[in-house]
> 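Supplied in C-alpha coordinates, the structure appears directly below.
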There are 2 protein chains.
Amino acid sequence: MRQPTVILNQPQLAENIGAVARVMANFGLSDLRLVDPRDGWPQDRAWASASGADWVLDAVQVFPTLPEAIADLQQVYATTARPRELRTPVVTPRQAAGQLKAAAESGQAVGLLYGGERAGLETMDIALCQAIVTIPIDPKHHSLNLAQAVAVTAYEWRTGLADEAPPKFQGEGPAPAEQAALTGFYEHLEDELEDAGFFFPPEKKDSMVRNLRALFARASLTDQEVRTMRGVVTALAKGRGQRLKRLAEKAQSRSS
Amino acid sequence: MRQPTVILNQPQLAENIGAVARVMANFGLSDLRLVDPRDGWPQDRAWASASGADWVLDAVQVFPTLPEAIADLQQVYATTARPRELRTPVVTPRQAAGQLKAAAESGQAVGLLYGGERAGLETMDIALCQAIVTIPIDPKHHSLNLAQAVAVTAYEWRTGLADEAPPKFQGEGPAPAEQAALTGFYEHLEDELEDAGFFFPPEKKDSMVRNLRALFARASLTDQEVRTMRGVVTALAKGRGQRLKRLAEKAQSRSS
(Lines give C-alpha, C1' and ligand atoms only; values in the text may rest on other atoms or scores of the structure.)
Protein backbone atom coordinates (compact mmCIF):
# COMPACT_ATOMS: atom_id res chain seq x y z
CA MET A 1 0.00 0.00 0.00
CA ARG A 2 1.32 3.41 -0.95
CA GLN A 3 1.79 5.83 1.96
CA PRO A 4 0.30 9.33 1.83
CA THR A 5 2.15 12.13 0.11
CA VAL A 6 2.73 15.21 2.24
CA ILE A 7 2.33 18.53 0.43
CA LEU A 8 3.49 21.80 1.99
CA ASN A 9 1.97 24.80 0.26
CA GLN A 10 4.32 27.81 0.23
CA PRO A 11 6.34 26.85 3.30
CA GLN A 12 8.55 29.63 4.65
CA LEU A 13 11.23 28.26 6.98
CA ALA A 14 13.69 25.58 5.90
CA GLU A 15 13.90 24.48 9.55
CA ASN A 16 10.23 23.64 9.48
CA ILE A 17 10.59 21.70 6.25
CA GLY A 18 13.35 19.70 7.92
CA ALA A 19 11.23 19.15 11.02
CA VAL A 20 8.39 17.94 8.80
CA ALA A 21 10.74 15.49 7.06
CA ARG A 22 11.89 14.23 10.44
CA VAL A 23 8.42 13.58 11.76
CA MET A 24 7.34 12.03 8.46
CA ALA A 25 10.22 9.58 8.85
CA ASN A 26 9.16 8.93 12.45
CA PHE A 27 5.78 7.79 11.23
CA GLY A 28 6.92 5.97 8.11
CA LEU A 29 6.12 8.56 5.42
CA SER A 30 8.61 9.58 2.76
CA ASP A 31 6.99 11.40 -0.19
CA LEU A 32 7.31 15.15 0.48
CA ARG A 33 6.34 17.82 -2.04
CA LEU A 34 6.78 21.57 -1.76
CA VAL A 35 4.74 24.19 -3.56
CA ASP A 36 6.67 27.39 -4.19
CA PRO A 37 8.87 27.40 -1.05
CA ARG A 38 9.57 31.02 -0.07
CA ASP A 39 13.36 30.72 0.11
CA GLY A 40 13.83 28.30 -2.77
CA TRP A 41 15.09 24.75 -2.65
CA PRO A 42 17.31 22.99 -1.59
CA GLN A 43 18.22 24.69 1.71
CA ASP A 44 20.98 23.38 3.98
CA ARG A 45 19.06 24.35 7.09
CA ALA A 46 16.38 21.81 6.24
CA TRP A 47 18.90 18.97 6.37
CA ALA A 48 20.32 20.38 9.61
CA SER A 49 16.95 20.15 11.30
CA ALA A 50 15.85 16.79 9.88
CA SER A 51 17.84 14.80 12.41
CA GLY A 52 18.98 12.27 9.84
CA ALA A 53 15.78 11.89 7.82
CA ASP A 54 17.84 12.80 4.77
CA TRP A 55 16.19 10.33 2.44
CA VAL A 56 12.95 12.30 2.74
CA LEU A 57 14.62 15.62 1.91
CA ASP A 58 16.79 14.13 -0.84
CA ALA A 59 13.64 12.99 -2.64
CA VAL A 60 11.65 16.22 -2.22
CA GLN A 61 9.83 17.41 -5.34
CA VAL A 62 9.14 21.10 -5.88
CA PHE A 63 6.19 22.45 -7.88
CA PRO A 64 5.26 25.99 -8.88
CA THR A 65 1.56 25.56 -8.12
CA LEU A 66 -0.66 23.42 -5.94
CA PRO A 67 -2.64 21.90 -8.83
CA GLU A 68 0.63 20.63 -10.31
CA ALA A 69 1.78 19.23 -6.96
CA ILE A 70 -1.36 17.17 -6.50
CA ALA A 71 -1.92 16.29 -10.16
CA ASP A 72 -1.46 12.52 -9.75
CA LEU A 73 -3.25 12.19 -6.39
CA GLN A 74 -6.79 10.91 -6.07
CA GLN A 75 -7.69 11.96 -2.54
CA VAL A 76 -6.21 15.08 -0.99
CA TYR A 77 -7.15 16.12 2.54
CA ALA A 78 -6.28 19.63 3.72
CA THR A 79 -5.26 20.13 7.34
CA THR A 80 -6.75 23.49 8.26
CA ALA A 81 -9.57 25.21 10.04
CA ARG A 82 -12.83 24.99 8.14
CA PRO A 83 -13.50 28.02 5.96
CA ARG A 84 -17.05 29.30 6.23
CA GLU A 85 -17.40 29.58 2.48
CA LEU A 86 -17.02 25.89 1.62
CA ARG A 87 -19.08 22.81 2.34
CA THR A 88 -16.16 20.43 1.99
CA PRO A 89 -16.55 17.62 4.57
CA VAL A 90 -14.69 18.15 7.82
CA VAL A 91 -13.10 15.15 9.53
CA THR A 92 -10.95 14.56 12.57
CA PRO A 93 -7.35 13.39 12.11
CA ARG A 94 -8.52 9.91 13.10
CA GLN A 95 -11.37 9.83 10.61
CA ALA A 96 -9.01 11.13 7.94
CA ALA A 97 -6.54 8.35 8.67
CA GLY A 98 -9.25 5.73 8.41
CA GLN A 99 -10.66 7.09 5.18
CA LEU A 100 -7.30 7.63 3.54
CA LYS A 101 -6.14 4.19 4.59
CA ALA A 102 -9.18 2.59 3.01
CA ALA A 103 -8.60 4.64 -0.14
CA ALA A 104 -4.90 3.72 -0.24
CA GLU A 105 -5.74 0.06 0.29
CA SER A 106 -7.97 0.17 -2.74
CA GLY A 107 -5.01 1.45 -4.76
CA GLN A 108 -5.60 5.18 -4.65
CA ALA A 109 -2.85 7.77 -4.37
CA VAL A 110 -3.63 9.93 -1.34
CA GLY A 111 -2.16 13.11 0.09
CA LEU A 112 -2.17 15.41 3.09
CA LEU A 113 -1.93 19.14 2.40
CA TYR A 114 -0.66 21.80 4.82
CA GLY A 115 -0.49 25.56 4.44
CA GLY A 116 2.52 27.80 5.02
CA GLU A 117 3.47 29.06 8.47
CA ARG A 118 1.99 32.50 8.21
CA ALA A 119 -0.86 32.43 5.75
CA GLY A 120 -2.12 28.85 6.00
CA LEU A 121 -4.26 27.72 3.11
CA GLU A 122 -6.38 29.93 0.88
CA THR A 123 -9.97 28.95 0.36
CA MET A 124 -9.07 28.41 -3.30
CA ASP A 125 -6.52 25.76 -2.27
CA ILE A 126 -8.95 24.04 0.07
CA ALA A 127 -11.55 23.97 -2.66
CA LEU A 128 -9.33 21.50 -4.53
CA CYS A 129 -9.44 19.00 -1.67
CA GLN A 130 -11.81 16.16 -0.97
CA ALA A 131 -11.96 16.83 2.77
CA ILE A 132 -10.70 19.09 5.52
CA VAL A 133 -8.85 17.69 8.52
CA THR A 134 -9.34 19.75 11.64
CA ILE A 135 -7.06 19.12 14.62
CA PRO A 136 -8.92 19.75 17.91
CA ILE A 137 -6.93 22.79 18.99
CA ASP A 138 -7.75 24.95 21.98
CA PRO A 139 -9.20 28.14 20.49
CA LYS A 140 -7.29 30.07 23.14
CA HIS A 141 -4.01 29.20 21.41
CA HIS A 142 -4.67 27.98 17.93
CA SER A 143 -1.37 28.63 16.17
CA LEU A 144 -0.12 25.08 15.66
CA ASN A 145 3.44 24.63 14.44
CA LEU A 146 3.60 23.15 10.93
CA ALA A 147 5.60 20.07 11.95
CA GLN A 148 3.21 19.48 14.86
CA ALA A 149 0.27 19.44 12.49
CA VAL A 150 2.08 16.89 10.35
CA ALA A 151 2.99 14.93 13.51
CA VAL A 152 -0.61 14.58 14.62
CA THR A 153 -1.96 13.52 11.24
CA ALA A 154 0.98 11.22 10.45
CA TYR A 155 0.68 9.67 13.91
CA GLU A 156 -2.98 8.93 13.25
CA TRP A 157 -2.08 7.44 9.88
CA ARG A 158 0.43 5.09 11.47
CA THR A 159 -1.89 4.24 14.36
CA GLY A 160 -4.66 3.53 11.88
CA LEU A 161 -2.44 1.08 10.01
CA ALA A 162 -2.53 -1.11 13.09
CA ASP A 163 -6.32 -1.02 13.33
CA GLU A 164 -7.98 -4.12 11.98
CA ALA A 165 -11.39 -3.01 10.74
CA PRO A 166 -11.15 0.36 9.05
CA PRO A 167 -14.23 2.19 7.88
CA LYS A 168 -15.00 1.56 4.22
CA PHE A 169 -14.25 4.40 1.93
CA GLN A 170 -17.14 5.23 -0.41
CA GLY A 171 -17.80 1.55 -1.07
CA GLU A 172 -16.64 -0.20 -4.20
CA GLY A 173 -16.67 0.97 -7.78
CA PRO A 174 -14.27 2.97 -9.90
CA ALA A 175 -11.59 5.06 -8.26
CA PRO A 176 -11.70 8.84 -8.14
CA ALA A 177 -9.95 10.71 -10.93
CA GLU A 178 -6.53 12.19 -10.47
CA GLN A 179 -6.52 15.87 -9.52
CA ALA A 180 -5.01 16.79 -12.90
CA ALA A 181 -8.16 15.57 -14.63
CA LEU A 182 -10.26 17.66 -12.26
CA THR A 183 -8.12 20.73 -12.86
CA GLY A 184 -8.57 20.26 -16.58
CA PHE A 185 -12.31 20.08 -16.16
CA TYR A 186 -12.42 23.14 -13.86
CA GLU A 187 -10.48 25.20 -16.37
CA HIS A 188 -12.67 24.05 -19.24
CA LEU A 189 -15.83 24.92 -17.30
CA GLU A 190 -14.46 28.29 -16.19
CA ASP A 191 -13.31 29.23 -19.70
CA GLU A 192 -16.74 28.51 -21.08
CA LEU A 193 -18.42 30.39 -18.25
CA GLU A 194 -16.11 33.34 -18.87
CA ASP A 195 -17.10 33.32 -22.54
CA ALA A 196 -20.73 33.18 -21.54
CA GLY A 197 -20.39 36.22 -19.29
CA PHE A 198 -21.20 34.20 -16.18
CA PHE A 199 -18.65 35.84 -13.90
CA PHE A 200 -20.47 39.02 -13.07
CA PRO A 201 -19.64 41.26 -11.35
CA PRO A 202 -15.98 40.54 -12.17
CA GLU A 203 -14.79 41.08 -8.59
CA LYS A 204 -16.85 38.10 -7.56
CA LYS A 205 -15.18 35.77 -10.02
CA ASP A 206 -12.71 34.31 -7.52
CA SER A 207 -15.31 33.31 -5.00
CA MET A 208 -17.60 31.97 -7.73
CA VAL A 209 -14.78 29.81 -9.11
CA ARG A 210 -13.88 28.62 -5.64
CA ASN A 211 -17.41 27.58 -4.78
CA LEU A 212 -17.86 25.72 -8.04
CA ARG A 213 -14.59 23.84 -7.61
CA ALA A 214 -15.39 22.91 -4.04
CA LEU A 215 -18.76 21.57 -5.08
CA PHE A 216 -17.20 19.21 -7.62
CA ALA A 217 -14.21 18.33 -5.41
CA ARG A 218 -16.66 17.17 -2.75
CA ALA A 219 -18.28 14.77 -5.17
CA SER A 220 -14.92 13.04 -5.77
CA LEU A 221 -15.55 12.44 -9.48
CA THR A 222 -14.33 9.38 -11.33
CA ASP A 223 -12.56 9.67 -14.68
CA GLN A 224 -15.76 8.70 -16.43
CA GLU A 225 -17.64 11.40 -14.58
CA VAL A 226 -15.04 13.99 -15.45
CA ARG A 227 -15.45 13.07 -19.12
CA THR A 228 -19.22 13.23 -18.75
CA MET A 229 -19.06 16.68 -17.16
CA ARG A 230 -16.74 17.93 -19.89
CA GLY A 231 -19.23 16.60 -22.40
CA VAL A 232 -22.00 18.46 -20.58
CA VAL A 233 -20.07 21.72 -20.69
CA THR A 234 -19.17 21.29 -24.35
CA ALA A 235 -22.71 20.38 -25.32
CA LEU A 236 -24.23 23.33 -23.52
CA ALA A 237 -21.66 25.81 -24.78
CA LYS A 238 -21.84 24.59 -28.34
CA GLY A 239 -25.60 24.73 -28.16
CA ARG A 240 -25.25 28.36 -27.15
CA GLY A 241 -23.03 29.02 -30.15
CA GLN A 242 -25.62 27.57 -32.49
CA ARG A 243 -28.32 29.57 -30.82
CA LEU A 244 -26.28 32.75 -31.21
CA LYS A 245 -25.74 31.93 -34.85
CA ARG A 246 -29.46 31.42 -35.35
CA LEU A 247 -30.22 34.71 -33.61
CA ALA A 248 -27.67 36.54 -35.69
CA GLU A 249 -29.09 35.05 -38.85
CA LYS A 250 -32.56 36.03 -37.79
CA ALA A 251 -31.39 39.58 -37.10
CA GLN A 252 -29.66 39.67 -40.43
CA SER A 253 -32.64 38.47 -42.39
CA ARG A 254 -34.82 40.95 -40.50
CA SER A 255 -32.53 43.85 -41.34
CA SER A 256 -32.01 42.98 -44.95
CA MET B 1 -11.28 18.35 36.03
CA ARG B 2 -7.60 19.10 36.38
CA GLN B 3 -5.55 18.79 33.21
CA PRO B 4 -2.38 16.66 33.15
CA THR B 5 0.91 18.14 34.27
CA VAL B 6 3.75 17.85 31.77
CA ILE B 7 7.16 17.04 33.27
CA LEU B 8 10.37 17.36 31.24
CA ASN B 9 13.23 15.47 32.84
CA GLN B 10 16.60 17.17 32.27
CA PRO B 11 15.67 19.00 29.08
CA GLN B 12 18.59 20.47 27.16
CA LEU B 13 17.45 23.10 24.67
CA ALA B 14 15.42 26.12 25.70
CA GLU B 15 13.91 26.15 22.19
CA ASN B 16 12.44 22.75 22.82
CA ILE B 17 11.01 23.84 26.16
CA GLY B 18 9.35 26.75 24.37
CA ALA B 19 8.04 24.44 21.65
CA VAL B 20 6.62 22.13 24.33
CA ALA B 21 4.88 25.09 25.98
CA ARG B 22 3.42 26.10 22.63
CA VAL B 23 2.00 22.69 21.86
CA MET B 24 0.70 22.29 25.41
CA ALA B 25 -1.22 25.53 24.92
CA ASN B 26 -2.50 24.24 21.57
CA PHE B 27 -4.08 21.29 23.32
CA GLY B 28 -5.27 23.07 26.43
CA LEU B 29 -2.55 22.11 28.92
CA SER B 30 -0.76 24.65 31.10
CA ASP B 31 1.11 23.04 34.01
CA LEU B 32 4.74 22.53 32.94
CA ARG B 33 7.50 21.35 35.27
CA LEU B 34 11.21 21.03 34.55
CA VAL B 35 13.61 18.71 36.31
CA ASP B 36 17.17 20.05 36.39
CA PRO B 37 17.21 21.84 33.00
CA ARG B 38 20.75 21.74 31.58
CA ASP B 39 21.08 25.47 30.90
CA GLY B 40 19.19 26.71 33.95
CA TRP B 41 15.94 28.63 34.05
CA PRO B 42 14.50 30.99 32.88
CA GLN B 43 15.89 31.18 29.33
CA ASP B 44 14.80 33.86 26.86
CA ARG B 45 15.01 31.46 23.95
CA ALA B 46 12.16 29.44 25.40
CA TRP B 47 9.82 32.44 25.22
CA ALA B 48 11.03 33.20 21.72
CA SER B 49 9.96 29.78 20.49
CA ALA B 50 6.69 29.52 22.41
CA SER B 51 4.78 31.59 19.86
CA GLY B 52 2.86 33.46 22.54
CA ALA B 53 2.16 30.62 24.97
CA ASP B 54 3.80 32.80 27.61
CA TRP B 55 1.41 31.91 30.38
CA VAL B 56 2.69 28.35 30.29
CA LEU B 57 6.34 29.43 30.56
CA ASP B 58 5.64 32.12 33.14
CA ALA B 59 4.18 29.47 35.44
CA VAL B 60 6.91 26.84 34.96
CA GLN B 61 8.14 25.19 38.16
CA VAL B 62 11.68 23.87 38.38
CA PHE B 63 12.71 20.94 40.58
CA PRO B 64 16.12 19.45 41.28
CA THR B 65 14.94 15.83 41.04
CA LEU B 66 12.16 13.88 39.39
CA PRO B 67 10.67 12.55 42.62
CA GLU B 68 10.22 16.13 43.82
CA ALA B 69 8.69 17.18 40.55
CA ILE B 70 6.02 14.52 40.67
CA ALA B 71 5.51 14.51 44.41
CA ASP B 72 1.89 15.69 44.34
CA LEU B 73 0.78 13.66 41.32
CA GLN B 74 -1.14 10.42 41.58
CA GLN B 75 -0.70 8.94 38.14
CA VAL B 76 2.39 9.60 36.05
CA TYR B 77 2.81 8.06 32.63
CA ALA B 78 6.24 8.08 31.01
CA THR B 79 6.45 8.58 27.25
CA THR B 80 9.35 6.41 26.14
CA ALA B 81 10.32 3.14 24.56
CA ARG B 82 9.76 0.20 26.88
CA PRO B 83 12.83 -0.82 28.85
CA ARG B 84 13.38 -4.57 29.04
CA GLU B 85 14.01 -4.50 32.74
CA LEU B 86 10.61 -3.31 33.83
CA ARG B 87 7.19 -4.85 33.78
CA THR B 88 5.46 -1.50 33.90
CA PRO B 89 2.34 -1.65 31.72
CA VAL B 90 2.81 -0.31 28.22
CA VAL B 91 -0.05 1.63 26.64
CA THR B 92 -0.64 3.52 23.43
CA PRO B 93 -1.09 7.30 23.55
CA ARG B 94 -4.81 6.73 23.09
CA GLN B 95 -5.08 4.25 25.94
CA ALA B 96 -3.05 6.58 28.11
CA ALA B 97 -5.44 9.44 27.39
CA GLY B 98 -8.42 7.29 28.32
CA GLN B 99 -6.89 6.02 31.53
CA LEU B 100 -5.59 9.41 32.63
CA LYS B 101 -8.91 11.01 31.86
CA ALA B 102 -10.71 8.46 34.02
CA ALA B 103 -8.20 9.11 36.79
CA ALA B 104 -8.53 12.87 36.49
CA GLU B 105 -12.29 12.64 36.48
CA SER B 106 -12.13 10.79 39.76
CA GLY B 107 -10.17 13.70 41.19
CA GLN B 108 -6.62 12.43 40.73
CA ALA B 109 -3.70 14.63 39.77
CA VAL B 110 -2.11 13.12 36.66
CA GLY B 111 1.08 13.77 34.74
CA LEU B 112 2.96 12.97 31.54
CA LEU B 113 6.72 12.56 31.80
CA TYR B 114 9.24 13.01 28.99
CA GLY B 115 13.00 12.48 28.94
CA GLY B 116 15.65 14.90 27.78
CA GLU B 117 16.64 15.20 24.12
CA ARG B 118 19.77 13.11 24.25
CA ALA B 119 19.46 10.59 27.04
CA GLY B 120 15.72 10.04 27.27
CA LEU B 121 14.57 8.50 30.53
CA GLU B 122 16.61 6.25 32.78
CA THR B 123 15.06 3.02 33.86
CA MET B 124 15.06 4.45 37.36
CA ASP B 125 12.90 7.36 36.25
CA ILE B 126 10.49 5.10 34.43
CA ALA B 127 10.22 2.92 37.47
CA LEU B 128 8.50 5.80 39.25
CA CYS B 129 5.69 5.82 36.71
CA GLN B 130 2.39 3.99 36.64
CA ALA B 131 2.60 3.21 32.95
CA ILE B 132 4.71 3.66 29.85
CA VAL B 133 3.30 5.41 26.80
CA THR B 134 4.82 4.18 23.57
CA ILE B 135 4.24 6.21 20.43
CA PRO B 136 4.11 3.95 17.35
CA ILE B 137 7.30 5.17 15.74
CA ASP B 138 8.88 3.62 12.66
CA PRO B 139 11.93 1.72 13.98
CA LYS B 140 13.81 2.95 10.92
CA HIS B 141 13.77 6.50 12.30
CA HIS B 142 12.90 6.48 15.96
CA SER B 143 14.35 9.76 17.18
CA LEU B 144 11.18 11.71 17.90
CA ASN B 145 11.53 15.39 18.69
CA LEU B 146 10.57 16.22 22.30
CA ALA B 147 7.81 18.65 21.36
CA GLN B 148 6.43 16.13 18.86
CA ALA B 149 6.15 13.52 21.58
CA VAL B 150 4.27 16.03 23.73
CA ALA B 151 2.13 16.94 20.70
CA VAL B 152 0.98 13.39 20.11
CA THR B 153 0.13 12.64 23.74
CA ALA B 154 -1.48 16.03 24.37
CA TYR B 155 -3.48 15.66 21.16
CA GLU B 156 -4.80 12.29 22.38
CA TRP B 157 -5.69 13.83 25.73
CA ARG B 158 -7.68 16.57 24.09
CA THR B 159 -9.28 14.20 21.59
CA GLY B 160 -10.30 11.96 24.47
CA LEU B 161 -11.98 14.93 26.15
CA ALA B 162 -14.02 15.58 23.06
CA ASP B 163 -15.06 11.97 22.55
CA GLU B 164 -18.41 12.59 24.13
CA ALA B 165 -19.22 15.43 21.75
CA PRO B 166 -17.39 14.53 18.54
CA PRO B 167 -16.94 17.17 15.86
CA LYS B 168 -19.83 17.23 13.46
CA PHE B 169 -19.25 15.81 10.01
CA GLN B 170 -19.49 18.69 7.53
CA GLY B 171 -19.62 21.05 10.50
CA GLU B 172 -22.25 23.71 10.65
CA GLY B 173 -23.40 25.89 7.84
CA PRO B 174 -26.32 25.72 5.48
CA ALA B 175 -28.33 22.52 5.25
CA PRO B 176 -28.55 20.52 2.05
CA ALA B 177 -31.32 21.56 -0.32
CA GLU B 178 -34.61 19.72 -0.37
CA GLN B 179 -34.93 17.06 -3.04
CA ALA B 180 -37.49 19.15 -4.90
CA ALA B 181 -34.90 21.84 -5.56
CA LEU B 182 -32.50 19.19 -6.82
CA THR B 183 -35.12 17.69 -9.08
CA GLY B 184 -35.81 21.14 -10.51
CA PHE B 185 -32.13 21.56 -11.25
CA TYR B 186 -31.79 18.10 -12.77
CA GLU B 187 -34.71 18.73 -15.12
CA HIS B 188 -33.36 22.11 -16.10
CA LEU B 189 -29.96 20.62 -16.88
CA GLU B 190 -31.44 17.69 -18.75
CA ASP B 191 -33.75 19.90 -20.85
CA GLU B 192 -30.82 22.02 -21.93
CA LEU B 193 -28.72 18.96 -22.67
CA GLU B 194 -31.57 17.51 -24.70
CA ASP B 195 -31.73 20.76 -26.71
CA ALA B 196 -28.00 20.60 -27.24
CA GLY B 197 -28.16 17.06 -28.57
CA PHE B 198 -26.12 15.66 -25.68
CA PHE B 199 -28.09 12.47 -25.16
CA PHE B 200 -26.73 10.36 -27.94
CA PRO B 201 -27.42 7.58 -28.73
CA PRO B 202 -30.98 8.05 -27.41
CA GLU B 203 -31.14 4.62 -25.81
CA LYS B 204 -28.35 5.67 -23.47
CA LYS B 205 -30.21 8.70 -22.20
CA ASP B 206 -31.57 6.98 -19.11
CA SER B 207 -28.21 5.85 -17.83
CA MET B 208 -26.60 9.19 -18.68
CA VAL B 209 -29.25 11.02 -16.70
CA ARG B 210 -28.88 8.64 -13.78
CA ASN B 211 -25.13 9.07 -13.63
CA LEU B 212 -25.34 12.85 -13.77
CA ARG B 213 -27.92 12.95 -11.01
CA ALA B 214 -25.90 10.60 -8.81
CA LEU B 215 -22.87 12.79 -9.19
CA PHE B 216 -24.70 15.88 -7.95
CA ALA B 217 -26.63 13.97 -5.28
CA ARG B 218 -23.34 12.84 -3.80
CA ALA B 219 -22.20 16.42 -3.40
CA SER B 220 -25.27 17.18 -1.26
CA LEU B 221 -25.84 20.67 -2.67
CA THR B 222 -27.21 23.56 -0.65
CA ASP B 223 -29.98 25.79 -1.98
CA GLN B 224 -27.37 28.40 -2.86
CA GLU B 225 -25.37 25.82 -4.79
CA VAL B 226 -28.45 24.66 -6.64
CA ARG B 227 -29.04 28.28 -7.71
CA THR B 228 -25.39 28.58 -8.74
CA MET B 229 -25.57 25.43 -10.83
CA ARG B 230 -28.76 26.60 -12.48
CA GLY B 231 -26.95 29.83 -13.29
CA VAL B 232 -24.09 27.81 -14.76
CA VAL B 233 -26.44 25.85 -16.98
CA THR B 234 -28.27 28.97 -18.12
CA ALA B 235 -25.05 30.84 -18.82
CA LEU B 236 -23.54 27.98 -20.78
CA ALA B 237 -26.69 27.33 -22.76
CA LYS B 238 -27.79 30.89 -23.41
CA GLY B 239 -25.12 33.31 -22.27
CA ARG B 240 -26.01 36.21 -20.05
CA GLY B 241 -28.79 38.35 -21.46
CA GLN B 242 -26.74 41.49 -22.05
CA ARG B 243 -24.00 39.70 -23.88
CA LEU B 244 -26.42 37.83 -26.05
CA LYS B 245 -28.16 41.05 -26.98
CA ARG B 246 -24.85 42.74 -27.83
CA LEU B 247 -23.80 39.86 -30.02
CA ALA B 248 -27.09 39.88 -31.83
CA GLU B 249 -26.80 43.63 -32.32
CA LYS B 250 -23.28 43.32 -33.57
CA ALA B 251 -24.40 40.73 -36.06
CA GLN B 252 -27.20 43.00 -37.09
CA SER B 253 -25.04 46.09 -37.55
CA ARG B 254 -22.48 44.09 -39.49
CA SER B 255 -25.16 42.82 -41.83
CA SER B 256 -26.84 46.18 -42.37
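Naming: A, B, ... by sequence-line order, numbering from 1 per chain.
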> Counting heavy-atom pairs under 4.5 Å to chain B, which of A131(A), A151(A), A237(A), A25(A) comes out on top?
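The answer is A25(A).
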
> Looking at residues at least two apart in the chain, or sitting in another chain, which of them share a side chain to side chain donor-acceptor pair (under 3.5 Å) with R230(A)?
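Partners of R230(A) by the side chain to side chain donor-acceptor pair (under 3.5 Å) criterion, ordered by chain and then number, come out as H188(A).
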
> Counting C-beta onward and ignoring hydrogens, is there a side-chain heavy-atom pair between M24(B) and H141(A) closer than 4.5 Å?
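No, their side chains stay 4.5 Å or more apart.
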
> Side-chain contact, heavy-atom cut-off 4.5 Å: W55(A) with K140(B)?
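Of all side-chain heavy-atom pairs linking K140(B) with W55(A), at least one is under 4.5 Å.
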
> If you count heavy-atom pairs under 4.5 Å with chain A, which of S143(B), S51(B), G231(B) comes out on top?
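Going by pairs under 4.5 Å, I would pick S143(B).
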
> With a 4.5 Å cut-off on side-chain heavy atoms, are L212(B) and M229(A) touching?
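A side-chain contact exists here, since the closest heavy-atom pair is under 4.5 Å.
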
> Considering only heavy atoms from C-beta outward, does the side chain of L215(A) approach that of L221(B) to under 4.5 Å?
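Answer yes - side chains close enough.
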
> Can you name the closest pair of heavy atoms from P139(A) and R158(B) and give their distance?
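Distance-wise, the nearest heavy atoms are CD-NH2, 3.8 Å.
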
> For A149(A), which atoms come within 4.5 Å of any heavy atom of chain B: side chain, backbone, both, or neither?
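No part of A149(A) comes within 4.5 Å of chain B.
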
> Tell me, for E156(A) versus chain B, whether the close heavy atoms (under 4.5 Å) come from the side chain, the backbone, both or neither.
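Just the side chain, heavy atoms under 4.5 Å.
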
> In chain order, what residues pass the side chain to side chain donor-acceptor pair (under 3.5 Å) check against T183(B), with sequence neighbours excluded?
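Scan of T183(B) (side chain to side chain donor-acceptor pair (under 3.5 Å), adjacent residues dropped) gives none.
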
> Under 4.5 Å, heavy atom to heavy atom, which residues of residues 11-23 of chain B contact chain A?
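Counting heavy atoms that sit under 4.5 Å from chain A, the residues of residues 11-23 of chain B involved are A19(B), R22(B), V23(B).
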
> Would you mind checking which part of A217(A) comes under 4.5 Å of any heavy atom in chain B, side chain (CB onward), backbone (N, CA, C, O), both or neither?
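For A217(A), there is no contact with chain B at all, as no heavy atom is under 4.5 Å.
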
> Please determine whether the number of non-hydrogen atoms from other residues, nucleotides or ligands lying under 6.0 Å from atom NZ of K205(B) exceeds 12.
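Counting neighbours around NZ of K205(B), more than 12 heavy atoms of other residues, nucleotides or ligands fall under 6.0 Å, so yes.
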
> Could you give the distance from CZ (R94(A)) to OH (Y155(B)), rounded to the nearest 0.5 Å?
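Atom-to-atom, R94(A):CZ and Y155(B):OH are 5.0 Å apart.
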
> How close do G28(B) and D138(A) get, counting heavy atoms only, and between which atoms?
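Heavy atoms of G28(B) and D138(A) come nearest at CA-OD2, 3.4 Å.
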
> Could you look at I135(B) and say if it's the side chain, the backbone, both or neither that has a heavy atom under 4.5 Å from chain A?
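For I135(B), side-chain heavy atoms alone lie under 4.5 Å from chain A.
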
> Heavy-atom distances under 4.5 Å only: say whether W157(A) touches chain B with side chain, backbone, both or neither.
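Neither part; nothing is under 4.5 Å.
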
> Going by heavy atoms in the side chains, are F27(A) and I137(B) under 4.5 Å from each other?
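Yes, side chains in contact.
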
> Does any heavy atom of chain A fall under 4.5 Å from the side chain of A154(B), the backbone, both, or neither of them?
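Neither the backbone nor the side chain of A154(B) comes within 4.5 Å of chain A.
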
> Which one wins on heavy-atom pair count under 4.5 Å against chain B: P93(A), A214(A), G239(A)?
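Going by pairs under 4.5 Å, I would pick P93(A).
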
> Quick one, L189(A) and L236(B) - any side-chain contact, counting heavy atoms below 4.5 Å?
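In short, these two side chains touch, coming nearer than 4.5 Å.
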
> Under 4.5 Å, heavy atom to heavy atom, which residues of residues 193-202 of chain B contact chain A?
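So far as heavy atoms go, L193(B), A196(B), F198(B) are the residues that approach chain A to under 4.5 Å.
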
> Heavy-atom distance under 4.5 Å between the side chains of T222(B) and R87(A), does that happen here?
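T222(B) reaches R87(A) side chain to side chain.
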
